[in-house]
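Note: hydrogens, waters and symmetry copies are ignored here, and every other heavy atom, side chains too, is used. Convention: sequence-line order gives letters A, B, ...; per-chain numbering from 1.
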Protein chains: 2
Amino acid sequence: MIVTIKDVAKKANVAPSTVSRVIANSPRISEKTKKRVREVMEELGYHPNFQARSLAAKSTQAIGVIMPNSAFHAFQNPFFPEVLRGISTSAHANKYGIYLSTGSTEDEIYNEVTSMVQGRRVDGVVLLYSRVNDKTMNFLQQSNFPFVVVGRPYENEERISFVDNDNIYSTKQVTKHLINLGHHNIAFVGGSLNFVVTIDRLNGYKLALEEANIPFNEKYMVHEEYIKENGREALHSLMSLPSPPTALVTQDDLIAYEMISYLEEIRIRVPEDISIVSFNNLMLSEHSKPPITSVDICIYQLGFEATNCLIEKIKMPNTLPKRITIPTKFIERKSCERKK
Amino acid sequence: MIVTIKDVAKKANVAPSTVSRVIANSPRISEKTKKRVREVMEELGYHPNFQARSLAAKSTQAIGVIMPNSAFHAFQNPFFPEVLRGISTSAHANKYGIYLSTGSTEDEIYNEVTSMVQGRRVDGVVLLYSRVNDKTMNFLQQSNFPFVVVGRPYENEERISFVDNDNIYSTKQVTKHLINLGHHNIAFVGGSLNFVVTIDRLNGYKLALEEANIPFNEKYMVHEEYIKENGREALHSLMSLPSPPTALVTQDDLIAYEMISYLEEIRIRVPEDISIVSFNNLMLSEHSKPPITSVDICIYQLGFEATNCLIEKIKMPNTLPKRITIPTKFIERKSCERKK
DNA sequence: CTGAAAGCGCTTACAG
DNA sequence: CTGAAAGCGCTTACAG
């Protein structure tokens with residue numbers, strides 16, 4: 001019932017190997033033969049079997065995409081579909097399929113990745129996050145399997161290909177923007193220090209403070225874990241500090257959005273009473289009240305470039321690791337104001 | 001370099017077939033042998049090769065997930081990651097992997113699906129949308145390949161397994177809610193009639209009007225295509241009608257959200273001047289101003305049940321088609337008010 | 001330019 | 001309870 005290369009071969013009066021070469025469009029086969037074989041393939045409704053091809057050719061034509069566990073990027077965060085859109089554009093242009101791994105704990109992710117890699121389900125992997133001491137990343141590196149990271153690796157930066165924004169620089173700029181508006185009490189909201197992106201942004205934030213001779217205040221750091229549990233509470237205690245912040249740098253528009261709604265509850269107005277800058281430039285930031293000033297990190301590009309880079313690496317395993325930096329765009333809207 | 005079943009067999013002093021049976025945990029192998037073989041597998045770092053297994057066993061242990069083209073569900077819509085979370089929970093519990101198809105046009109989707117199915121990349125497919133006369137769905141049905149639809153099929157309902165909400169009923173309820181608040185001029189915003197979900201919701205909306213003896217007004221229908229192009233324009237002309245609506249039923253919280261922001265621009269207040277009910281109950285509806293009254297369609301459940309159903313079908317191909325209806329929850333917030 | 005043959009790493013009747 | 005053998009549907013040196 002299933003049409004194989006043999007059926008095509010028989011009908012076209014050639015050897016199976018010839019059919020195989022026609023599929024691969026080998027230049028060693030005459031156009032005449034190609035034409036005949038292709039006609040028969042059409043006629044018989046032949047479709048190559050991926051498993052068989054993979055097994056024989058030792059290539060799966062699929063890439064694995066590893067999502068961070070849901071605890072991190074809340075699953076309702078549009079970052080994910082957007083980065084995936086970039087990934088799939090590149091993958092399809094190169095005729096690769098996408099195999100998705102969505103473990104919900106670190107261990108689950110690790111197991112999925114090892115089985116994916118060692119079971120040869122994919123030819124390469126794009127890791128959609130970078131965390132401190134991540135055993136999944138270590139595994140990929142040690143097994144010398146083609147992979148690329150969206151984000152900056154915590155260790156061995158020079159030996160791993162990755163695609164990232166310059167998070168230190170852009171957070172520094174954003175913080176400076178607030179400082180230039182006269183703010184001194186600036187809080188940093190929403191990062192788990194397990195993720196390199198948080199570390200980088202925090203460092204950018206600190207650098208800006210330093211340059212302006214503003215001392216760094218531990219109390220002005222609100223951790224993501226805490227927000228997830230009880231964002232309202234987290235914000236309220238931040239605003240009850242003896243000298244509450246007059247500006248916020250938040251890691252993500254979704255968090256900024258949530259914060260704005262809690263601030264409103266306690267009659268603190270944005271931007272009149274407190275300014276906010278954020279990251280990601282999601283669609284909602286434009287329609288939010290007030291519209292959120294945000295750093296566009298070009299999510300689509302991150303995914304697209306990462307995949308291009310991975311596929312290049314799959315095709316030429318000896319390519320040297322490289323770092324691709326995607327520029328950010330500062331989108332000024334209405335959530336910041338000069339300090340009164 | 002790659003450890004195969006043969007290496008394990010040799011080292012454990014058994015036949016490759018025995019190793020294979022140990023992997024499958026066949027009851028016909030003695031515990032003693034299993035133990036020894038497993039030890040050797042561990043020692044050698046053996047991992048079964050998926051392609052080889054698939055080829056021999058004619059099962060891939062992967063399901064294909066077909067996204068709607070991006071034009072429809074805007075890619076920033078959290079519907080997608082949420083449904084995927086449900087899918088992956090079920091898939092992983094059953095030890096299936098997820099193969100993602102994300103074509104950007106109907107034809108691309110169709111090609112990806114045919115190649116996925118005929119090339120045996122997956123054992124079954126979950127289709128994340130249902131449109132009128134969809135050739136992808138027709139193909140799946142005709143090729144008698146296991147698949148399940150999230151949404152209601154346009155044709156052959158009795159022959160296709162699908163998981164859906166009762167969209168007619170829930171839209172009727174929601175519209176009635178507005179009618180009970182005294183609204184007569186109710187607009188329906190944001191659906192392409194190519195999608196069955198829109199057809200159903202529109203019918204629910206019409207049913208409610210009918211029961212209340214309110215004539216249906218074509219002018220009160222705003223099409224999705226139009227919104228995508230220029231949502232602001234679309235809304236403005238709706239509100240410039242001789243008798244503008246005093247209430248809106250929108251297809252999606254994201255659209256509702258956008259509409260609220262345009263309404264504000266022209267000084268129309270929600271809910272004082274116009275009431276809005278919407279669907280999906282995204283996270284943002286809670287923090288929106290005003291918080292949006294929305295129908296929770298249980299996106300996660302839709303994905304989860306669909307995948308369970310598909311896997312059941314893969315395992316027992318003769319299971320009869322079934323329809324699973326996921327109940328909706330009406331979440332009342334602050335976007336509706338009694339007509340003045 | 002084309003073919004015969006071996007092999008990719010598994011599974012699964014069949015036989016004992 | 002275990003093994004020998006055939007086969008899944010391809011690719012790819014090798015030979016001509």
Base versus backbone protein contacts along nucleotides 4-11 of chain C [heavy-atom cut-off under 4.0 Å; B, S, -]: B--BBBBB
Minimum heavy-atom distance between B/Leu44 and B/Val3, given as atom pair plus value: O-CG2, 3.3 Å
Any pair counted as salt bridge (charged side-chain N to carboxylate O under 4.0 Å, His left out), so long as it reaches residues 23-34 of chain B, sequence neighbours left out: B/Glu31-B/Lys34
Side-chain N or O of A/Thr18 closer than 4.0 Å to phosphate OP1/OP2 of C/dC1: no
Any A/Thr33 side-chain N or O less than 4.0 Å from OP1/OP2 of C/dC1: no
Plane angle bin for B/Phe195 and B/Tyr129 - parallel if under 30°, tilted between 30 and 60°, otherwise perpendicular: perpendicular
Atom-to-atom span, NZ of A/Lys32 to P of C/dC1 - whole angstrom: 12 Å
For atom CD of B/Glu31 and atom P of D/dT2, their distance in whole Å: 10 Å
Name every donor-acceptor pair, under 3.5 Å, that has one atom in a side chain of residues 300-308 of chain B and the other anywhere in the protein, sequence neighbours excluded.
from	atom 1	to	atom 2	distance (Å)
B/Tyr300	OH	B/Thr89	OG1	3.2
B/Thr307	OG1	B/Gly303	O	2.8
B/Asn308	OD1	B/Ser90	OG	2.7

A/Gln61 (side chain) donor-acceptor with A/Lys95 (main chain) under 3.5 angstrom: yes
Watson-Crick or G-U wobble partner of D/dC14, both distances under 3.5 Å: C/dG3
Between SG on residue A/Cys309 and CZ on residue A/Phe162, distance to nearest 0.5 Å: 10.5 Å
